[in-house]
Amino acid sequence: QVQLVESGGGSVQPGSALRLSCVVSGIDSRFNAMAWYRGLPGKQREMVARLSRTGVTSYEDPAKGRFTISGDVAKKEIFLQMDTLRPDDTAVYYCNIEITWNSQIWGRGTWVNVSS
């Protein structure tokens with residue numbers, strides 16, 4: 001049974017930092033990439049950051065310069081360092097496995113609430 005376990009979320013003030021982690025178990029397949037998505041309940045999820053198996057990163061425009069994705073897709077572990085958090089960063093953050101371009105698996109998500 002595949003499990004994606006996210007951790008590191010919480011409630012913080014604007015300007016604070018958080019580090020999210022995602023560890024995967026129960027699957028032996030090689031992944032093309034892993035990524036972080038975010039969204040509010042009832043809203044479409046958007047990709048925040050992506051890390052390919054070869055180490056290539058990509059970011060959503062609002063995250064550029066503030067967020068950093070790291071880890072090792074081959075080891076099925078990624079992190080998201082989020083600095084200078086803003087209220088509009090508030091969302092549920094989801095870990096995503098891109099097994100192939102048309103096959104993905106999602107974690108349950110971890111809440112990030114940025115408010116004063």
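What you see is a predicted model; the values in this text were computed from it and never measured. All values below were derived from every heavy atom in this structure, side-chain atoms included, with hydrogens, water molecules and symmetry-related copies excluded.
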- Measure the spacing between CG of Leu20 and OG of Ser7 and express it to the nearest 0.5 Å. 7.5 Å

- Query: What is the distance from atom CG of Leu80 to atom CG of Leu18, rounded to the nearest 0.5 Å?
  - Reply: 9.5 Å

- Task: Take Phe31 and Arg53 through the test side-chain contact (heavy atoms from CB on, under 4.5 Å) and record every step on the way to the result.
- Result: CA-CA 7 Å; Phe31 303 158; Arg53 177 175 50 82; over 6 Å; no

- Nearest-0.5 Å distance, CE of residue Met34 to SG of residue Cys95: 4.0 Å

- Query: Is there a donor-acceptor contact under 3.5 Å from the side chain of Thr90 to the main chain of Val114?
  - Reply: yes

- Message: Could you see if Val2 belongs to whatever hydrophobic cluster contains Ile78? Use Ile, Leu, Val, Met, Phe, Trp, Tyr and a side-chain cutoff under 4.5 Å.
- Response: yes

- Query: Heavy-atom distance under 4.5 Å between the side chains of Lys76 and Ile27, does that happen here?
  - Reply: yes

- With side chains defined as the heavy atoms from C-beta onward, is the minimum distance between Ser16 and Met82 less than 4.5 Å? no

- Query: Can you hop from Trp36 to Met47 via hydrophobic side chains spaced under 4.5 Å?
  - Reply: no

- Task: Return the minimal non-hydrogen interatomic distance between Gln13 and Ser116, and the atom names on each side.
- Result: NE2-O, 4.5 Å

- Query: How close do Ser29 and Ile99 get, heavy atom to heavy atom, and via which atoms?
  - Reply: CB-CG2, 4.3 Å

- Message: Ignoring hydrogens, what is the shortest heavy-atom contact between Glu6 and Gly107? Give both atom names and the distance.
- Response: OE2-CA, 3.2 Å

- Task: With rounding to the nearest 0.5 Å, note down the distance linking OH in Tyr37 to CD in Gln104.
- Result: 5.0 Å

- Message: Is it the case that over 12 heavy atoms from other parts of the model lie below 6.0 angstrom from the CZ atom of Arg30?
- Response: no

- Joint cluster assignment, Phe67 & Tyr94, ILVMFWY side-chain distance < 4.5 Å: no

- Cluster question for you: counting only ILVMFWY and a side-chain heavy-atom cut-off of under 4.5 Å, with indirect links fine, are Leu4 and Val48 together? yes

- Query: Have Glu98 and Asn96 got a donor and an acceptor in their side chains that come within less than 3.5 Å?
  - Reply: no

- In short, Trp111 meets Pro41 closest at the heavy-atom pair CH2-CD, 3.7 Å

- dist Arg45:CZ -> Leu40:CG (nearest 0.5 Å) comes out at 12.0 Å

- State the CZ-NZ distance between Arg66 and Lys64, to the nearest 0.5 angstrom. 13.0 Å

- Task: Check the pair Asn32, Val73 against side-chain contact (heavy atoms from CB on, under 4.5 Å), reporting the backbone distance first and the verdict last.
- Result: CA-CA 8 Å; Asn32 285 344; Val73 173; over 6 Å; no

- Note on the structure: Smallest heavy-atom separation, Asp83 atom then Ala17 atom, equals OD1-CB, 3.4 Å

- Message: Using side-chain contact (heavy atoms from CB on, under 4.5 Å), reason through Val12 and Asn113 one step at a time and then give a plain yes or no.
- Response: CA-CA 6 Å; Val12 298; Asn113 182 35; over 6 Å; no

- Message: How close do Val23 and Glu77 get, counting heavy atoms only, and between which atoms?
- Response: CG1-OE2, 3.6 Å

- Task: Please answer: with hydrophobic residues joined when any side-chain heavy atoms are less than 4.5 Å apart, are Ile69 and Phe79 in the same cluster?
- Result: no

- Item | Heavy atoms of other groups near Asp28 CG, more than 12 under 6.0 Å | no

